[in-house]
Amino acid sequence: MRFADQLLNPVPVAVTSLPVQLEQSDSDGSALSVPGVIAGRLEQQADIDRYSFEVRKGQRLTFEVFARRLQSELDSTLRILDANGKQLVENDDFRLANRITVQDSAIENWTAPADGTYIVEIRDVHLRGGEGYVYGLEITESAPSFELVMDSDKSWLTPGGSCALFVRAVRKNGFDGEIQLAVDGLPAGVTAECGRIPAGKGEDGCIILTAAPDAAMGAGNIRVTGTASLPVSEATAAAGDADAAGDRTKEAGPPVTMMAEAQPMQETYMPGGGRSHWPVAMHTVAIGRPADLLQVKLGTHEVRLKPGQSVKVDVEIVRSEGFDKNVTLDMLYQHLSTRFANTLPEGVTVDAK
């Protein structure tokens, strides 16, 4: 609504490319299509909506509720039942980007135990209902994919200095490939060395930002992305056609490219000193005046190790005049007992003392 050129009462809207189905007046057992989205409402107290769907044995599906994140009053609970009403799996809350618990529900990568008809059920955890208890329930085929999350929402540089952006991959539905990081939107005078998140057990990667010695003060909102390749066989099998996957592998077609944009997180410090996160809309990179630390110099920029071997790296710190306080050196991003990023190869540790 607009009044006197002012935006009033903004309403969040979810946009999807999937087919949308509206809840019927009697939703108990209504058939739904896969993939698709059901838009519904728990009309009254103790209301429970159930929808049936057909699957074949081994088919993998993901169910996700969009409600509380879009300002609905619904605190959902999601269940999958067999045709006889026996519960197979249930979820209340789930972790968004493995960093924050949200009061929406999600069941990821559920595998059908047999051909047949199943029921997905949604209700409020306290059996409430009413006009404000709206929801969107998305059902999709589970496919290999990944999400990216940035540990912070701001980076501060000084002319001639550098900083690190830490990015964590949340791997989904069996994806374990390499992810190449990239960044755009940097302010003038700032360059980036974009790392990668290794295949296999790799979760964390980083991007090193460096401001030129003559960089002027300024700021810019950046966008961090990750790109990965998925073999044709895996992409086709994820779509539910294993035979076609085999044929396409023989043809040696080009791999499928996947890309994800990193979700910035704002750090918050809790009572007692714990460090928590909240998702925000942007990450800002700023260039300011020289600070306490002017430069960190390394004796070497490349280390090669054999199993059981160790190496010492000399570090020189260039301080501002008058700054004589302790400086902590580390290659891990951690606070208290929680580690938020580790970009070292698997099996490599660091003794920063």
Side-chain angles (χ1 to χ4, degrees), residues 10-55 59-112 117-143 145 147 149 170 172-173 263 265 276-280:
V11 177
V13 176
V15 179
T16 179
S17 60
L18 297 174
V20 178
Q21 178 180 339
L22 296 179
E23 176 198 8
Q24 303 301 311
S25 57
D26 182 9
S27 65
D28 195 16
S30 296
L32 54 82
S33 59
V34 178
V37 177
I38 183 76
R41 183 199 315 267
L42 298 179
E43 303 283 355
Q44 57 193 3
Q45 289 189 6
D47 192 7
I48 299 176
D49 288 350
R50 298 184 180 92
Y51 304 94
S52 64
F53 59 95
E54 298 284 338
V55 290
Q59 188 174 0
R60 296 179 298 149
L61 299 178
T62 292
F63 303 78
E64 185 171 353
V65 175
F66 294 87
R68 187 57 66 89
R69 286 171 289 174
L70 299 176
Q71 300 180 17
S72 170
E73 296 180 50
L74 173 64
D75 182 358
S76 64
T77 291
L78 197 62
R79 296 200 303 166
I80 297 178
L81 316 172
D82 66 15
N84 298 319
K86 178 183 177 182
Q87 176 179 305
L88 302 179
V89 63
E90 180 180 20
N91 177 260
D92 180 6
D93 302 332
F94 79 99
R95 299 273 292 174
L96 182 64
N98 283 357
R99 289 295 175 97
I100 182 171
T101 300
V102 297
Q103 291 175 303
D104 288 334
S105 306
I107 297 173
E108 295 186 324
N109 208 26
W110 174 76
T111 303
T117 301
Y118 294 83
I119 303 293
V120 57
E121 175 191 279
I122 181 171
R123 63 177 174 85
D124 182 78
V125 69
H126 301 296
L127 290 179
R128 300 169 298 179
E131 183 177 346
Y133 289 79
V134 295
Y135 63 84
L137 173 56
E138 180 182 87
I139 306 98
T140 56
E141 297 272 1
S142 300
S145 62
E147 297 175 354
V149 56
V170 182
K172 294 179 175 290
N173 307 325
Q263 168 66 62
M265 289 285 186
S276 189
H277 293 87
W278 187 258
V280 292

OG1 of T111 to CG of L88: how many Å apart, nearest 0.5 Å? 11.5 Å
Counting neighbours of CD on Q87 that are heavy atoms of other residues, nucleotides or ligands and sit closer than 6.0 Å, is the number greater than 12? yes
I'd like to know if the side chain of D49 and the backbone of I122 have a donor-acceptor N/O pair within less than 3.5 Å. no
Evaluate Y133 against D47 for side-chain hydrogen bond (donor to acceptor under 3.5 Å, both in side chains), listing each step before the verdict. CA-CA 10 Å; Y133 289 79; D47 192 7; over 6 Å; no
How far apart are the closest heavy atoms of F66 and E138, and which atoms are they? CE1-CB, 4.1 Å
Nearest-0.5 Å distance, OG of residue S30 to CD1 of residue I38: 7.0 Å
Scanning both residues in full, the closest heavy-atom pair of N173 with S145 reads ND2-OG, 4.4 Å
Test item: E73 and E131 side chains (from C-beta on) under 4.5 Å apart, heavy atoms: no
Would T140 and T62 count as having a side-chain donor-acceptor pair, cut-off 3.5 Å? no
Thinking salt bridges, do K172 and E108 make one under a 4.0 Å N-O criterion? yes
Mind jotting down which residue pairs meet the salt bridge (Lys or Arg N to Asp or Glu O under 4.0 Å) criterion with at least one end in residues 80-96? Sequence neighbours excluded, please. E90-R123
Begin with the C-alpha distance, continue with both residues' side-chain angles, and end with the deciding distance and a verdict on side chain to side chain contact (heavy atoms under 4.5 Å, CB included) for I139 and Y51. CA-CA 11 Å; I139 306 98; Y51 304 94; over 6 Å; no
Could you give the distance from CG (L61) to CD1 (I107), rounded to the nearest 0.5 Å? 10.5 Å
Quick check against the 3.5 Å criterion: does T101 have a side-chain atom that pairs as donor or acceptor with the backbone of F94? no
Would you check if the side chain of E23 reaches a backbone N or O of R41 as a donor-acceptor pair within less than 3.5 Å? yes
Distance check, rounded to the nearest 0.5 Å: Q59 atom CD versus E54 atom CD? 10.5 Å
So which atom in S72 and which in G132 form the shortest heavy-atom distance, rounded to 0.1 Å? OG-O, 3.2 Å
Can you tell me how far the CZ atom of R68 sits from the CG atom of D104, to the nearest 0.5 Å? 8.0 Å
Which distance, rounded to the nearest 0.5 Å, do you find between the CD of Q44 and the CG of L127? 11.5 Å
Minimum heavy-atom separation for P35 to P19, with atom names? O-CD, 3.9 Å
Closest heavy-atom pair, D124 versus H126, reported as atoms and distance to 0.1 Å, is OD2-N, 2.8 Å
For a quick test of reading the model, state the closest non-hydrogen atom pair linking F53 to V34 and the distance between them. CB-CG2, 4.2 Å
Please check this pair: side chain of S76 against backbone of S105, looking for a donor-acceptor N/O pair closer than 3.5 Å. yes
